[in-house]
2 protein chains.
Amino acid sequence: MTDPTPEGLISVRQGVLPLLEHLTRVGKRAYLNDMDPGGLRLRHLIALRLLAERGPQGQQGLAEALSLDPSNVVGLLNELEERDLVVRRRDPADRRRHIVELSPAGAREVAVADERAVDVEDRLFVALTAEERATLFDLLRRAVGTTLPACEFPAED
Amino acid sequence: MTDPTPEGLISVRQGVLPLLEHLTRVGKRAYLNDMDPGGLRLRHLIALRLLAERGPQGQQGLAEALSLDPSNVVGLLNELEERDLVVRRRDPADRRRHIVELSPAGAREVAVADERAVDVEDRLFVALTAEERATLFDLLRRAVGTTLPACEFPAED
DNA sequence: TATTGTTATACTCTATAACTATA
DNA sequence: TATAGTTATAGAGTATAACAATA
């Protein structure tokens with residue numbers, strides 16, 4: 001064949017998205033099954049962690065960082081606020097804005113939920129060594145970084 | 001600190017799932033926006049590719065490979081069959097089974113949809129070199145391999 | 001009695017447009 | 001007029017149970 005691209009790379013280019021989709025779905029399901037019924041779902045944990053890492057945020061910035069539509073962030077925050085894991089307060093400087101802040105209970109919940117996420121990931125990535133998981137994390141983090149204006153996520157290295 | 005685990009690895013262990021979820025969601029959205037309205041969604045492409053790579057399958061095996069509930073596979077196949085991309089026929093040996101097979105039109109559609117997926121992935125992974133994408137692909141493929149009894153997916157190397 | 005595929009249903013997730021209150 | 005947040009709604013994705021046909 002006179003194919004200019006090495007065979008291996010062609011299949012690589014075509015197949016990452018299906019694998020991502022698969023792994024995410026299986027991981028979310030495992031996380032859901034692990035948690036107590038009615039507990040926080042993955043999206044809640046992600047939002048709480050974002051607040052923990054970046055501090056108080058307007059909902060607009062939160063939506064952008066999560067790559068969610070602002071209208072969808074509303075319901076997510078409602079659920080977190082009902083459980084007193086998060087506090088919304090008006091920005092005195094611009095009374096249109098809501099500043100969202102993690103509550104002490106929210107911070108505790110992040111720790112609990114993180115524990116569960118660790119268990120799930122340990123099972124999800126049994127095939128990989130610690131170094132490989134670190135590599136995977138790094139690659140994903142860099143890829144995510146370009147999909148958003150400003151998201152370095154859990155970049156606490 | 002007497003922590004037995006290096007600091008770097010701790011944050012790694014906690015954070016892969018959120019990154020996967022984020023990247024998958026963004027990728028699916030990009031794929032959806034790219035395609036002509038009413039076209040095949042990502043899950044259709046994944047199912048067609050599976051059939052292309054593994055050949056005719058019972059729906060049960062298909063469900064397992066896709067990590068979908070068999071009841072959800074029904075609707076997916078209905079949509080593919082309506083477009084004549086796939087053919088269901090009774091297994092003469094066991095008349096309970098439906099053998100699902102890719103049609104010639106289905107095979108052509110895989111190629112078209114793959115093209116679009118390539119574009120999406122090129123944008124999704126601009127931050128990564130070809131080698132890094134190959135590494136990512138390999139790591140994901142190995143991780144997926146353990147989440148399923150038998151899924152080596154696009155392992156055409 | 002167990003298995004394959006199917007139907008029905010409820011709930012979550014996502015995208016979109018219209019609305020309000022502030023600026 | 002534009003922006004931050006909200007509401008409402010429709011469609012896609014997922015989990016579950018019950019069912020028919022066949023083994």
Side-chain angles (χ1 to χ4, degrees), chain A residues 18 20-22 24-35 37-47 56-82 86-101, chain B residues 18 20-35 37-47 56-82 86-100:
Chain A
L20 279 177
E21 193 275 341
H22 191 103
T24 300
R25 196 154 36 76
V26 172
K28 283 171 76 172
R29 188 189 303 148
Y31 182 83
L32 199 68
N33 288 340
D34 253 34
M35 74 185 191
L40 293 181
R41 294 189 300 277
L42 185 59
R43 57 177 37 242
H44 298 118
L45 168 61
I46 294 175
Q57 297 271 323
Q59 297 188 193
Q60 199 95 169
L62 220 43
E64 191 180 25
L66 295 170
S67 193
L68 285 178
D69 191 275
S71 67
N72 294 325
V73 171
V74 174
L76 183 60
L77 290 178
N78 288 345
E79 292 167 348
L80 292 173
E81 204 176 29
E82 272 170 27
V86 131
V87 177
R88 269 191 274 216
R89 57 180 167 79
R90 288 272 172 207
D91 181 353
D94 181 347
R95 292 187 37 75
R96 290 173 303 180
R97 298 186 74 210
H98 275 166
I99 305 293
V100 184
E101 194 172 1
Chain B
L20 279 178
E21 194 275 342
H22 191 103
L23 212 51
T24 299
R25 195 153 38 75
V26 172
K28 283 172 75 172
R29 188 189 303 149
Y31 181 83
L32 198 68
N33 288 341
D34 253 33
M35 73 186 191
L40 293 182
R41 295 187 300 276
L42 185 59
R43 56 175 40 240
H44 298 118
L45 168 61
I46 294 175
Q57 297 271 324
Q59 296 187 194
Q60 198 96 169
L62 220 43
E64 192 180 24
L66 296 169
S67 194
L68 284 178
D69 190 273
S71 67
N72 294 325
V73 171
V74 174
L76 183 60
L77 289 177
N78 288 346
E79 292 167 349
L80 293 173
E81 204 175 29
E82 272 171 29
V86 130
V87 177
R88 268 191 274 216
R89 55 180 168 79
R90 287 271 173 208
D91 182 353
D94 181 347
R95 291 186 39 73
R96 289 173 304 182
R97 300 187 73 211
H98 275 165
I99 305 292
V100 185

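From a predicted model like this one, the values you see are computed outputs, not experimental measurements. Every chain is numbered from 1, with letters handed out A, B, ... down the list of sequences.
- Distances shorter than 4.0 Å separate none of the side-chain N or O atoms of A/Arg97 from OP1 or OP2 on C/dA21.
- Phosphate contact (OP1/OP2 of D/dT3, side-chain N/O of A/Gln60, threshold under 4.0 Å): absent.
- The side chain of A/Arg43 lies closest to C/dC13 when the candidates are D/dT16, C/dC13, D/dA4.
- For A/Asn72, taking side-chain heavy atoms from C-beta onward, the closest of the listed nucleotides C/dG5, C/dA23, C/dT16 is C/dT16.
- Toward the 5′ end of DNA chain D lies the nearest nucleotide of A/Arg96, the other residue of the pair A/Arg96 and A/Asn78 mapping further downstream.
- At a threshold of 4.0 angstrom between heavy atoms, the contacts of B/Asp94 are confined to the sugar-phosphate backbone, with no base atom among them.
- In the set C/dA23, D/dT16, C/dT14, C/dT14 carries the atom at the smallest distance from any side-chain atom of B/Glu21.
- The nucleotide whose nearest atom lies closest to any side-chain atom of B/Asp69 is, among D/dT6, D/dT16, C/dG5, D/dT16.
- At the phosphate of C/dT6, OP1 or OP2 sits under 4.0 Å from a side-chain N or O atom of B/Arg88.
- Phosphate contact (OP1/OP2 of C/dT14, side-chain N/O of B/Arg25, threshold under 4.0 Å): present.
- A donor-acceptor pair under 3.5 Å is absent between the side-chain atoms of B/Arg88 and the main chain of B/Glu81, judged by distance alone.
- A/Arg29 has no side-chain polar atom (N or O) that falls below the 4.0 Å cut-off from OP1 or OP2 of D/dT14.
- At the heavy-atom level, A/Arg90 lies nowhere under 4.0 Å from the strands shown.
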